[in-house]
Amino acid sequence: MYELKIVTHFAAAHQLKMVAEKCENLHGHNWNIEVCVAGEKLNRAGVLMDFGELKQCLNEIMEKLDHKFLNELEYFNDDNPPSSENIAFYIATAMQEKISDPLIKVSRVTAWESENACATYICP
Ligand SMILES: Nc1nc2c(c(=O)[nH]1)N=C([C@H](O)[C@H](O)COP(=O)(O)OP(=O)(O)OP(=O)(O)O)CN2
Ligand SMILES: [Zn+2]
């Protein structure tokens, strides 16, 4: 099995209820994002998938999140708030939809909301 990882970042604002009280206040983070994809078979170029193609998919998703107030995006709501966990899940799902090769699966997405705290969604 091969696994590739690409990293990127975005800046956005959010509010979270029912976590720490301070998180209810509007505030922002510079999220660092790691996306891993996995597969068994290399193509004729000797790669699982071109990093450039992967980065293009991730950049398109970042455009939807970067410099946004995440609570106002259609995807997030009170039952699905923009926590790092839900952000990681959103990116994992959106990435998988963009990858056309059915043999390449998103394996995990990690969303670092600060240098000492992250949430990872591990795809089943
Ligand atoms: N499991 C999660 N817990 C928390 C999340 C989250 O997404 N998943 N998010 C937050 C808030 O976003 C909050 O802004 C960050 O809180 P916290 O890390 O406690 O605060 P600081 O960034 O100020 O970090 P310090 O290490 O305390 O300086 C909270 N929890
Ligand atoms: Zn926060």
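Because the structure is a prediction, the values reported are computed rather than measured. Both counts, for ligands and for their atoms, begin at 1 and track the order of listing.
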Protein N, O or S atoms less than 2.8 Å from the Zn ion (ligand 2), ignoring waters?
His14 NE2, His27 NE2, His29 NE2
For [X] versus [Y], what's the shortest heavy-atom pair and its separation?
{"X": "Thr110", "Y": "Trp112", "value": "CG2-NE1, 3.6 Å"}
{"X": "Arg108", "Y": "Cys123", "value": "N-SG, 4.2 Å"}
{"X": "Ile91", "Y": "Leu58", "value": "CG2-CD1, 3.9 Å"}
{"X": "Glu24", "Y": "Lys17", "value": "CG-CA, 4.0 Å"}
{"X": "His14", "Y": "Phe69", "value": "CA-CE1, 4.0 Å"}

Same apolar cluster (I L V M F W Y, side chains within < 4.5 Å links), Leu42/Val106
yes
Asn71 side-chain N/O to Pro81 backbone N/O, donor-acceptor pair under 3.5 Å:
no
Distance (rounded to the nearest 0.5 Å) between Asn32 CG and Ser114 OG:
9.5 Å
Could you give the distance from CG (Asn86) to CZ (Phe76), rounded to the nearest 0.5 Å?
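That separation rounds to 6.5 Å.
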Using heavy atoms and a strict 4.0 Å limit, residues surrounding ligand 1 turn out to be His14, Leu16, Val19, Lys22, Cys23, His27, His29, Ser83, Ser84, Glu85, Glu113, Asn116
